[in-house]
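All remarks here apply to the structure that follows.
The structure displayed is predicted, hence computed values, not measured ones. Heads up: numbering here begins at 1 and tracks the sequence.
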Amino acid sequence: MRRPAGVGRPIRDGHRPGPGRAVHRRLRGAGLDTAERRLSALGAVRPEPQPLAERWRVLLDPAGRPFCLTAK
């Protein structure tokens, strides 16, 4: 995965996240396909490969940061 040119890592509470650190949120709502379509319309991108796409999806936000959608 590549970060778009000119986009740096996010700063939260004055600290830059290190390698392997992420923010996780649980959101409930539509099924995976519907959620992916909605997020794609907002600028998310689906990188390939997606090994277990029936259980979860990894998408990239417009700044290139990965996030996951899960079925449960």
Taking distance alone, no hydrogens or angles, what donor-acceptor pairs closer than 3.5 Å link side-chain atoms of residues 39-48 to residues at least two apart or in another chain?
residue	atom	partner	partner atom	Å
Ser40	OG	Glu36	O	2.9
Arg46	NH1	Glu36	OE1	3.3
Arg46	NH1	Glu36	OE2	3.3

Side chain to side chain donor-acceptor pair (under 3.5 Å) against Arg37, all qualifying residues, sequence neighbours excluded: Thr34
Contact check, side chains of Gln50 and Val58, non-hydrogen atoms, under 4.5 Å: yes
Side-chain heavy atoms of Asp61 within contact of Phe67, under 4.5 Å: yes
Salt-bridge criterion met for Arg57 and Asp33 (N-O under 4.0 Å): yes
